[in-house]
Amino acid sequence: MALNDSYPQHVVTAVIVAHDGAAWLPHVIDALLEQDRPVQRVVAVDTGSRDRSGAVLAAKLGQAVVFGMDRGTGYGAAVSRALQHKAASVSVPAPAGPAGAERVEWVWLLHDDCEPAPDALEQLLRGAAESPAAGVLGPKVMDWSDRSVIVEAGVTIDAVGRRVTGIEPREVDQGQHDGDRDVLAVGSAGMLIRRDVWDRTGGFDTGMALFREDVDLCWRVHAAGYRVRLITDAVVFHAQAAARRRRPVSAGRRAPYLDRRNALMTLLGNLPFAAMLGSIARNAATSFFRTLYLLLAKRPAAALDEAAAVAAVLGHPLRLRRTRQRRAPGRRAAYNRLRADLPAGKSVREMAEFAASALSRSPQLDTAGMHHATDDPNDDDFLLTDIGIVQRFMTHPGVLLFVGLAIVAGIAERSLLRSGPLGGGALLPAWGGASGLWREYWQAFHPNGVGSSATAPPYLALVAGLATVLGGKPWLAVDVILLGCVPLAGVTAFLAAGRVTRSAPVRVWAAAAYALLPVATGAIAAGRLGTAVVFVLLPLIGLSAGRMLTRPHQLARRAAWATGLLVAVGAAFAPVLWLMTLVAAAAALIAFRASRRGLLANLAIVVIVPPALLFPWSLQLAAHPSGLLLEAGVQQAGLAAPDLPARSLMLLSPGGPGLPPAWVTAGLALAALAALLASRQRGAIMAGWFVAVLGLAAALAVSRVAVTPAGGGAAVPGWPGVALAAAAAGLLLAAAAGSESLTGLAAAGGRSGLRRLISGRGLLVALLAAAAISAPVLAAVTWISSGVRGPVAPAAGQAAPELVSALPDNGLQQRTLVLRSAGGRIFFLLLRDSVPGLGDSELTPVPAAQRALTAAVAGLVAQNGGEAANLQQELARFDIGYVLMQAPVNQALASTLDGVAGLHPVNLAQSFDLWRLDNPTSEVTVLQPGGSTVAVPSGWVGASGSRAPASGGILELAEPRGGWSATLNGHPLTAVASPAGSWAQAFRLPAGGGTLDISRSQPGHDLAIAAEALAAVVVAALALPGVHTAAETQEAAPAPAAGRAAAEAGGAAEAGTADAGGSIPAGPGTEGDAAAGPADASGRRRDSRIPGRGGRAGARAHGSRPGRAARSRPRRPAPSADGPRVPRQAGPPEQGGPPPAVREADQLAWPADQPAAGGAAWPGRDGAVGAPPAAPGQGRDGRAERQGAAAQRAAPWSHPAGQPDRGRHTAGRPDRGRPQQAREDPARTANGRAAPDGQVPRQPAAPPSSWPASDQPSSWPSAASPSGSADRPGSRPDSADSAGWPAAGEPGQRAGQELEPLPPAGEQPRDWPRPAADDRSAHRWPAPDRDREGDSR
Amino acid sequence: MRASLRGRILPALLVVLALGAVYGAGSLRHPAASAASAASRPGRAPVVSALRACPAPGSTGVTAGGVALAAAPGSAGQGQAVISRLIPAGASTAGPAVSSVTAPGQLQLLPVTAAPAVPKALAAGQAGSSAAVRTSAGRGGILIQATGALAQGIEAEQTGPGGLVTARCEAPGTSFWFVGPGQKSAAQIEVYLINPDGQAADAQVSALTDENPLVSSDTGIAVPPHSMVVQSLNALLSSSQVIALHVSTSVGRVSAAVRLARSPSEPGGWLPAAQQPARNLVIPGVPGTTGTRVLYVAVPGGSGSAQVKITAVTAKGSYQPTGGSGIDLPGSSAWAVQLPSLSGVAAAIRVSASVPVTAAISVPGGAAGAPAALAVASAPVQQQGVIADNPAGPAGSAELVLSAPWAAASVRVTDATATVPFGREPSTTVQVAAGHTAVLPLRTPPGVKAGDFAVLVTPLPGSGLVYAGRVLTAGGVTQSILPVISSPTWVALPAVGESMTALGS
């Protein structure tokens, strides 16, 4: 330890804390020892490393200065302990320099993965000398692997606790951050702190264990009155192994939890009280949303971490108080000084950006911390164009279409645009508030009419949910659904059209033609909420079903859940959708059964999810299958044509009120017919026509069936709206797909301009286009000019007289029987407290009670009906106090009612006739032994605390039997047969009187509803796009491309999800949009660029995360001579030179001796560790099980569908045996460190063509059939190919030219690296929890 | 190129074929969607209770008499009919029972003694009274409350002390029409309103005459529960030749009866209630006695005149006694039309009018002190019709005039006595050709006093509508004509169904 002359008055004690850092330690120690200005003392702690860290330390530094600690020890505790070590206080000879200079003791903190530049300490000390008030000095931190990249230059913490460095991801250091300055904090790697300051502040907060302790310490240093300075000329190279999850955090809890908890502790501990309160609020809100988001993204563990971190801090106020007390001195002053350095949280802005991006469906901008799948790759017409969000949003053709359709609809629906509920036709007005709807949905017993114990239709919950969002106004929700269905359907159709055509005009045309179909105008005019919903959902269902049929396995499964969910939502409104889905699923099964793996399961999901989600209700439907043909709302005659002519069906006109002339859609049919002759997109065209014919047949069937609603009433003809919408969607699919040929046809003339137009073909094209365009235009024009012609109207006037609907003060509830004579029939309605509202029509009354009521009403309206029954008593048993007839009054019926004994006309108004029963009725009566009755006050359902008459008798309820319980003074009463008949509920009431309680419960119903809600959440979670697992990436991208894409997109994974060693979750766009389903294999431009785009975007956004380091590594020559230098020619078999990322990926994947996967994550710079030969890009995937991982990696996981889920599925595969074989290879030495550098022959990464193809799944990609690779989706070249990167499936041709093919399983590869005998790395680097979690997803 | 075109044409043809198939299937006639099947089909319910009320005995001049009651239940069963006296002051429960009947199917002749006089306070008059129109509590009056089998097919008639005066005990209702001669021939016109229910009723009487278009008692007549109110219309209807009285209630219901007498001191006769105004009416039971028939037609419709066509349905067929063009009658009034050609012809008179009308026809004769014997428009006999008593007396006779104005009818006629219920005696089946009338003499079954038998008239299945009237004749003079009305054993229930839009949409 030779001293040099610089800054002799400073005594520096270097403290190295090592924890599983054997990979970096040699460099770190070398760099420390070779400092220009050496340290005087070194203390090294090994906190229970499972690798050779301790040995390395001892070997390099000598046993005397090294000691060990528990594996669970935190960094702060380790440093504190190290400073108490005797080596930390070894006396240092006085400097030889000029005396008088006061000696200053310094502590230099080094991590096991941070390598100081040779002059780092010198520069730091220079800074210390220049700025005597500095208590802490920190270096500029550069990336370990790509040493041109700056990682950190001072650290601060923002309002929501995020660590802010001010450095862009992957920012190359060009001196832009240089300049010594005061900062809030510097990282602990390379931090130089005065020992007295350390002692005074107490060092790191040992409670924090890991993460943020540096910020906290520096904050406290500020509070103590010192300065924290950044010295940018001092440089350390930091691998940030822990922060990047390169290695597991064994110091206590898991990393995200610690990270978040410590961030909160730092903020809340160091902020003054008022600021702390604000911070608590801000962080609680942020965490709430983050947790929610993480849950939605199906990352429950991360969500748990987030929530647990907040709970850990806020849940222990005493601990927080202690923490604050310790930090109290100087806190206020420090805060005032540091305030400017504390950046505000960016959350709000980021949220807004995120929302805007999601809305405009354009790629995410810089949204650190969130990544979200842009699940439709075809919508990115403004890829990366850097224009404002608003402009981007507003100029989207989809948005323009929406606005245009909204204007058309608004004008056409002018008569309906009122504040207040709509009613009429099939639609019952949505009175009241959202809570009422929720209650109606939740209740087991509905006090409507005679009472209904039917399961409320699930669409009530959906409308109620929407109403809740819309401020608790169900009528607004109905308006949005019904009146908004045209623009909404336009948007969904626009999205769906993107699957077939890229041409924006064609998409807009198809969407507008769909949205303005007669089905929509008819549904609006007749108040068919169900058709409106299905109409909007249908394109999405098609889109989702298309994904299910074309995407790789796991994505297809997700799409299946989504399809099932969408169908469930639609079927809740119009169950016929489920029937059609059933038929379509059967057809799909027949059509694709051979070609798609997991198709049966997916179709089963689609078919089973709706009835399962709608469970208690679907049971009810099963009991009345005819209800499958009906939809939400009132079924009444006149809303559907009883004998719809076939030509109407052919022209997509469903019959009923509010339809345009049938010919407006003729152009659409013409266009679809013309598409039959198109030469391109044959598959889509024929699929479209298949759907269309199926839909037409279904429409025919539906329109020819007369259905009797389950609740009784007249049979009504079915309305084929939903089926015709499906047929129309099919026609549009065909037409839109055919449009490409149309343009081709036009271009075929070869001429341009007017000449082309007047040529024969041009004219044909123009005519066809005009015909096609005429459909939406004519529909819009006729709709606007005629308005909505139908029974739907604002329902303001529809109400019962007020005296009827009010509950009297005495608590004697009275119901009103409404009679109406229409078409020679007499209709009735029993009203309780309210007039019929949304959903009431589906609440089938209890049949026995309804029959009894029907008989009573028939007797009431019959001539001399009083001779057949005691009408007064009959009415009283239903608690009918009033009989009402709205004008126009049927006089014969009125005089019949006049002649009913006990029924007195009252208040004959112009608008209604009203009769009152002489004897007031009530819901609860007691039939006394003497025969007289006593009314008992009650609520609308049941009674509580009512007085029972002392006489006793029979307690009669005007309610259907079943589910009721009554107690007198707390003692339950026995149910007896009711004098009213078997339908009614009655109890024996003992004499003596007392307090009467009557209630109804149905626990089974509550359970069923709860289960339904849970199932809905689960299915939604399964259906929602989530974080993309590595497996998906592998499935979605061809193996070589995956390497590159992975490298680029590596950063895309949020830190929380990143897998050990920077394994590669897909970037947003990468989701198999590399998509590339087989059907999509045309290799069109947009497909080929997707992965690259996704990767770029992801990397840009998240580059500070693992992948970046990996990417840059190859650029930097390995500094150590013993690194496993990969011979260039042995690298990936590129000719033109692969993108750096690819090389990097390969190197990462490059093994020394550790076939076990954990090692694969590790770059193995010194050759100590590594991974066995692996497919390029796959090697970094540290998530797979160690045993199988290498095998998998070696496998060409280029075909999505053919890809089993990871190692556990690979047992039977032929490549399974390779790693084991390799491990047994005696030719290799046990330890990679001893392995001859650079001598490791590069094995071909992809499996050779000699693999038995027969063992592969039929869809196994190019590896098995190299020649066919170009057509295989999985191996379709992506942008990387332009750089000369070969398709995975061509190793035998290209890779094989240079490299020896891998021997078939069973033969030993000649130069196979020998695995570590004890496979230690498996223990050293266990796959973090996160990986297992990922696997289980 | 050509091959690929062929590759495209084939699928296109397939699609067109499929479309054609759908179109063809859609064009096929399919069985019409099952016509509106009602939630409740039209049904029937057995009659389980019945109320009948009549004013006598006890009304002026008729202080003794009784009730003849017969029920023809549709099936065996228990039943009871309680005959109780009305309470002048009204009460929520029926008055004391004077007798009770439990044997259905037989004729019950129940003497009812004269009712006590009405207390002075009540007799003085009450609300609705005026100098011209005096309303007072009625003396006497009985209420029949039948349940079970005795309510099925029940018919009750009040009998006068001499046995010849009969009138039907009416079921309660809200609207009654009476058409007959005016005060020129009947100086005494009284309306009896009986409230058979436990709640008060509010009734109104309005009259159409040939003199004044419309007169009515100004205020409602309060009829206390279970009581009878009598209103004398003498002053109101002075010098009218024809009257049509409309008794209606605004609250509750009443049974109404009208008594006509040539002078206040004579007992006179009861005017049967006529059918509610309708465009087509049939007046059955015109006997074959000689004498001028006068048709009284009331046209309640407010404005304009009624074009009335009159058809006589006789044993020899139908003809139009006033000519094919009919007659014009001004609205809001009642008119008399002489029909001299009908003398001596047993017939039913069919009246069709351009607006709803109601009508009656007078035949010379009638009860002691009555201006004439009156046949009134009546509904056809549905299910069955019962005549409770045929008190023709030793010198008299009873006959049934059956008419089938529209389609041929066949009717089974059987009788019952106080000991032999309906169905035991042999029945007679009468065939009536379409547009014809048949007269069936009613002979007293052996072993009973003359006339003490009940008759059951049952239209056979498939029969056309049949209208019937029972005519009592004594010494060649028509004593009374009673239209046979339906005595149902069941009530037809209309189809009703629940509708969410019953409130209107």
Side-chain angles (χ1 to χ4, degrees), chain A residues 423-424 428 449 634 636-637 642 645-646 649-650 676-677 679 682 686 689 693 696-697 700 704 706 708 711-715 717 791 798 800 818-820 825-829 835-836 840-841 850 854-855 857-859 861-865 867-870 886 895 898-899 901-902 904-905 918, chain B residues 4-5 7-9 11-12 15-16 18-19 21-27 30 32-40 42-51 151 171-175 196-199 249-253 488 490-505:
Chain A
L428 285 175
V634 184
Q636 56 175 336
L649 280 179
M650 291 293 150
L676 276 175
L677 298 175
S679 55
R682 296 294 301 163
M686 291 319 291
W689 268 105
V693 171
L696 286 175
L700 178 68
R704 293 301 189 258
T708 308
Q798 187 189 19
V818 183
L819 295 178
R820 181 188 185 83
R825 273 168 54 90
I826 291 166
F827 297 97
F828 68 90
L829 175 66
V835 296
D840 285 357
S841 51
Q850 183 75 353
T854 305
V857 173
V861 300
Q863 284 288 340
N864 297 322
E867 297 195 336
N870 185 341
Q886 297 274 52
S895 73
D898 284 340
H904 279 174
D918 283 339
Chain B
S4 77
L5 191 64
R8 278 179 269 157
I9 294 234
V15 165
V16 171
L19 283 180
V22 173
Y23 185 89
S27 306
H30 62 283
S34 62
S37 68
S40 91
R44 53 173 67 175
V47 170
V48 295
S49 70
L51 279 179
T174 56
S175 173
D197 292 324
Q199 283 89 23
T249 61
S250 55
V251 174
R253 51 185 191 161
W490 46 264
V491 171
L493 299 179
V496 297
E498 190 187 37
S499 165
M500 284 290 153
T501 54
L503 259 183
S505 55

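Chain letters run A, B, ... following the sequence lines, proteins first and then strands; every chain starts at 1. Values reported hereafter were calculated over all heavy atoms of this structure, with side chains retained and with hydrogens, waters and symmetry mates removed.
We find the CD-CD distance between B/Glu498 and A/Gln850 to be 4.0 Å, quoted to the nearest 0.5 Å.
Of all heavy-atom pairs between A/Ser895 and B/Thr174, the closest is O-OG1, 3.7 Å. Taking every heavy atom of both residues into account, A/Arg704 and B/Gly26 meet most closely at NH2-O, 2.6 Å. Closest of all the heavy-atom pairs between A/Ala862 and B/Ala492 is CB-O, 3.2 Å. Nearest heavy atom pair, residue A/Val861 against residue B/Pro494, reads CG2-CG, 3.3 Å. Across every non-hydrogen atom of B/Tyr23 and A/Ala646, the tightest pair is O-CB, 3.4 Å. Closest approach of A/Gly902 and B/Gln199 over heavy atoms only: CA-OE1, 4.3 Å.
Interface remark: A/Asp898 contributes backbone and side-chain atoms alike to the contact with chain B (heavy atom separation under 4.5 Å). Proximity to chain B is limited to the side chain of A/Leu700, based on heavy atoms less than 4.5 angstrom apart. Contact of B/Val491 with chain A is made through the side chain alone, with heavy-atom distances under 4.5 Å.
Taking 4.5 Å as the limit, every side-chain heavy atom of A/Arg825 sits out of range of all side-chain heavy atoms of B/Val496.
Counting heavy-atom pairs closer than 4.5 Å to chain B, the top residue among A/Leu819, A/Leu649, A/Leu676, A/Asn870 is A/Leu676. For chain A, the option among B/Ser175, B/Pro46, B/Ser49, B/Pro196 with the highest count of heavy-atom pairs below 4.5 Å is B/Ser49. With chain A as partner, the option from B/Leu51, B/Thr249, B/Val16, B/Val251 having the largest number of non-hydrogen pairs under 4.5 angstrom is B/Val251.
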